[in-house]
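Scroll down for the structure; my scribbles are underneath it.
Here is how names work: the chains are called A, B, and so on, in the same order as the sequence lines, proteins then strands, and each is numbered from 1. The figures here come from the full heavy-atom set of this structure, side chains too, leaving out hydrogens, waters and symmetry mates.
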Protein chains: 4
Amino acid sequence: MPKISQAQRDARQNQILDAALACFSENGFHQTGMADIVKRSGLSHGAVYLYFQSKDDIIEALAVDRHRQEAILSAVGTDQAEDPIAALRKLVHAYARWLTDPDAERTRRVSVNGWSEALRNERVRAGVIEGIDAPRQMITNLIERAQSRGLWNRDANPDAIARTLVALFQGFLLQKVWNEPLDIDVIVGTVDQMVTALATAKTPTKPRKQRALER
Amino acid sequence: MPKISQAQRDARQNQILDAALACFSENGFHQTGMADIVKRSGLSHGAVYLYFQSKDDIIEALAVDRHRQEAILSAVGTDQAEDPIAALRKLVHAYARWLTDPDAERTRRVSVNGWSEALRNERVRAGVIEGIDAPRQMITNLIERAQSRGLWNRDANPDAIARTLVALFQGFLLQKVWNEPLDIDVIVGTVDQMVTALATAKTPTKPRKQRALER
Amino acid sequence: MPKISQAQRDARQNQILDAALACFSENGFHQTGMADIVKRSGLSHGAVYLYFQSKDDIIEALAVDRHRQEAILSAVGTDQAEDPIAALRKLVHAYARWLTDPDAERTRRVSVNGWSEALRNERVRAGVIEGIDAPRQMITNLIERAQSRGLWNRDANPDAIARTLVALFQGFLLQKVWNEPLDIDVIVGTVDQMVTALATAKTPTKPRKQRALER
Amino acid sequence: MPKISQAQRDARQNQILDAALACFSENGFHQTGMADIVKRSGLSHGAVYLYFQSKDDIIEALAVDRHRQEAILSAVGTDQAEDPIAALRKLVHAYARWLTDPDAERTRRVSVNGWSEALRNERVRAGVIEGIDAPRQMITNLIERAQSRGLWNRDANPDAIARTLVALFQGFLLQKVWNEPLDIDVIVGTVDQMVTALATAKTPTKPRKQRALER
DNA sequence: TATGAATGAGACTTCATTCAT
DNA sequence: AATGAATGAAGTCTCATTCAT
């Protein structure tokens with residue numbers, strides 16, 4: 001017998017999360033006070049605590065934005081018949097678009113705060129890892145399918161390549177939030193080249209000579 | 001005027017920075033209190049404020065670790081006669097080694113905190129940018145020299161490739177501090193392949209077809 | 001005018017008081033929140049405020065439990081013909097029984113909270129005083145009747161003895177709620193002895209020699 | 001290398017405890033805010049937390065006032081040669097004097113608050129119990145010595161009598177803080193009579209007939 | 001130079017009470 | 001009569017910084 005509907009609850013929750021996202025993106029998690037979130041949300045202190053148990057809960061909810069991940073991943077269908085390399089390109093384009101979407105700027109900035117937070121908040125860390133595992137898994141799968149169809153060099157290590165691509169996008173995200181010049185065409189072009197190059201590379205991914213560097 | 005020698009001053013300063021590095025790497029900038037730094041340094045509150053004007057000063061000093069950058073870059077000589085591609089590989093190896101050096105773990109973690117801090121602290125941001133500009137510039141120069149010697153595809157965009165490599169290492173650094181499995185051989189192998197592939201790629205870095213994605 | 005019967009009103013009120021008694025006995029008046037009482041009562045916040053104007057009203061209602069006093073006092077009839085000393089013993093036994101009745105534990109604990117509350121809440125204080133005045137009066141009367149029948153030393157001060165007995169039971173109540181070992185036989189035996197001894201004592205209750213201690 | 005002497009530390013601590021005692025005796029533990037204590041002590045918020053870790057620490061320090069116990073107990077020497085019954089009377093007088101000492105009013109009121117607090121704060125409870133164990137033990141010893149010298153009925157249960165005396169004083173304390181008329185001569189006289197009566201009583205402390213009341 | 005006690009603004013959170021439904 | 005979401009003042013405690021010694 002709730003007094004308000006689930007839709008209303010969700011609306012309030014989003015009201016708070018929107019306010020928090022704005023504050024966090026401007027001032028970071030720890031420079032933002034609950035009073036800032038309260039003021040920006042237009043609610044009262046008490047109301048905010050009706051929807052979130054603590055400031056940390058709000059941080060976690062935003063540091064780990066599952067919604068975003070899914071939105072990007074959904075760009076690539078799960079149609080097994082599709083050309084895996086074409087699908088991989090689609091994925092790259094979807095990420096690149098999100099990376100440069102002005103409406104996603106706040107989210108990008110909060111993501112970077114979340115990366116830092118993940119170093120000392122286990123729940124945030126788990127969420128962040130989970131958030132990068134999804135695309136990594138998808139990329140790995142696409143490469144494996146490409147290998148099985150003879151479209152990708154069979155000596156390649158799909159997981160290593162997936163991690164490389166993920167790392168690449170994390171790095172680009174950083175440069176973006178720091179207002180470094182970041183030309184989406186150049187990104188996409190470079191990554192496309194990389195993909196092409198890695199797909200056809202003859203050299204094994206883990207050559208014997210470099211073993212010495214391992215620790 | 002100073003009653004203690006410059007050497008003593010430097011020793012004290014490093015004592016403080018060491019303590020702060022330890023604290024920051026464990027708890028982040030804003031979860032660390034001055035009291036933590038004071039206690040860990042073995043000095044007094046007053047003493048710390050004799051060497052740094054504020055906590056922000058200490059954060060800046062550590063978020064921007066020029067020392068580290070120089071150490072890595074010095075791995076690659078400035079000998080213009082040297083094979084630029086070999087030099088590039090050396091640089092990659094030096095970074096990869098730093099990335100997996102256990103003694104550098106604290107610094108890596110503080111770096112990530114600094115990336116987040118750079119979003120709202122202009123001086124930190126400037127320092128961070130400066131820190132990635134140095135290697136980017138060096139990489140760009142090496143690729144340009146390679147192009148001028150006919151060792152690298154002349155259609156490639158050296159700056160874009162340099163940014164890509166920098167982004168890649170930032171991403172790997174993140175995965176490292178999150179304790180993700182990170183095999184240095186695989187990294188180096190993959191990057192080597194990438195370098196080789198990009199050097200010989202026929203496709204232009206910024207093809208006409210992808211223009212549409214630009215915003 | 002009321003839309004529900006008086007019986008229903010009383011039932012609701014008791015529902016609230018039962019819940020409050022449970023909460024107060026566990027956590028004290030000020031560590032218990034209205035939310036605790038609301039939850040335990042199974043009612044809503046609004047409903048509780050329909051029956052009590054404020055939390056203080058609930059505290060007062062429980063800190064001053066007239067019901068309990070009457071129940072104990074009723075153990076001793078008002079039959080003027082009865083042997084007053086036997087009646088006094090009955091009263092002592094009734095109190096002692098209540099003191100060790102497991103079902104009264106909550107009430108005992110809340111009583112102690114009430115004693116403390118009486119220090120700063122005039123209405124609670126009045127109720128508490130009233131609650132101890134009733135048995136004190138009854139004891140005084142019994143002793144006076146005993147004196148008039150020649151069963152009790154006529155030099156004794158009935159009021160002083162009554163206050164002494166009341167004090168004694170308050171002290172035993174404290175020891176009980178603190179889970180100190182409290183043997184009911186020993187209590188009753190000791191009090192019986194005291195009563196006997198005081199009834200027959202030759203020494204005046206207020207000897208001249210001790211005047212000096214008075215302030 | 002403390003900056004201030006232990007004496008200065010103690011002075012500050014007492015400054016805080018005095019302020020807290022005043023506040024607590026007027027408004028109780030939970031109606032008193034830290035701000036009240038801070039204001040009354042003349043110190044700053046931070047200074048108070050330099051000397052006590054939390055409000056609960058201050059409550060504990062005052063709810064359990066060992067100093068007072070010792071002061072009262074010291075009224076009775078430990079001279080084994082002394083007449084134990086005279087010593088017991090001295091103890092009674094010392095307590096009675098404390099009970100009516102105007103300067104001890106605050107302490108008495110806070111004691112009652114402590115009794116209530118002991119119900120839900122284990123550390124306070126332990127302290128309160130300890131505080132009543134000391135005099136109980138002393139009384140028990142005195143009675144045992146009296147028994148061994150033939151000055152006290154050997155059938156008496158020294159522990160039961162000690163507990164009875166302690167309970168009695170707790171009850172008188174309550175009546176005092178509630179501003180009930182409390183004549184010290186009457187108290188002392190009554191207790192004296194009780195002691196005399198119990199010392200010479202023929203009836204055993206735990207008669208068979210009352211067994212039935214035991215639970 | 002160096003100390004560390006002291007400051008006080010501001011942090012997060014709770015909770016008795018109200019009122020639109 | 002009854003609900004429970006909402007309020008916002010007030011609660012406890014922290015912490016970067018200062019300054020008398």
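Between B/Trp178 and A/Trp115, the ring-plane angle classifies as perpendicular under the 30° and 60° cut-offs.
Between F/dA2 and C/Tyr51, a contact under 4.0 Å exists linking OP1 or OP2 to a side-chain N or O. Considering only side-chain N and O atoms, B/Arg12 lies nowhere under 4.0 angstrom from the phosphate OP1 or OP2 of E/dT1.
Figure legend. E/dA9 is base-paired to F/dT14; pairs are counted as Watson-Crick or G-U wobble with both atom distances under 3.5 Å. In this structure, F/dG4 forms a base pair with E/dC19, meeting either the Watson-Crick or the G-U wobble geometry with both donor-acceptor distances under 3.5 Å.
In terms of modelled atom types and a separation under 3.5 Å, the side chain of C/Arg109 and the main chain of C/Ser25 share a donor-acceptor contact. Side chain of A/Asp36 to main chain of A/Gly33: a donor-acceptor pair is present (N/O by atom type, distance under 3.5 Å, no hydrogens or angles).
At whole-Å resolution of the value, CD1 in C/Ile37 and C1' in F/dG4 are 17 Å apart. Between A/His30 atom NE2 and E/dC12 atom P the separation is 10 Å, expressed in whole Å. Between A/Ile59 atom CD1 and E/dC12 atom P the separation is 9 Å, expressed in whole Å. Counting to the nearest Å, the P atom of F/dA2 and the CD atom of C/Gln13 are 13 Å from each other. Computed from coordinates, the C/Ile16 CD1 to E/dT17 P distance equals 14 Å when rounded to whole Å. To the nearest angstrom, C1' of F/dT21 lies 12 Å from CD1 of D/Ile4. If you take CZ of C/Phe52 and P of F/dA1, they are 15 Å apart, rounded to a whole angstrom. The distance between atom OH of B/Tyr49 and atom C1' of E/dT7, rounded to the nearest whole Å, is 13 Å.
Residues D/Gln6 and D/Arg9 bring no donor and acceptor atom of their side chains to less than 3.5 Å of each other.
Each of C/Gln53 and A/Gln53 lies near DNA chain E, and the nucleotide nearest A/Gln53 is the one positioned closer to the 5' end. Both C/Gly33 and D/Leu50 lie near DNA chain E, and the one whose nearest nucleotide falls closer to the 5' end is D/Leu50. Nearer to the 5' terminus of DNA chain F, by closest-nucleotide assignment, is the contact made by D/Thr32 (compared with the other of B/Phe29 and D/Thr32). The residue among A/Val48 and C/Ser44 whose nearest nucleotide of DNA chain F lies closer to the 5′ end is C/Ser44.
Contact of A/His45 with E/dC12 (side chain to base): no donor-acceptor pair of N or O atoms is detected under 3.5 Å.
Between atom CD of residue A/Gln15 and atom CG of residue A/Leu43 there is a gap of 4.5 Å, rounded to the nearest 0.5 Å.
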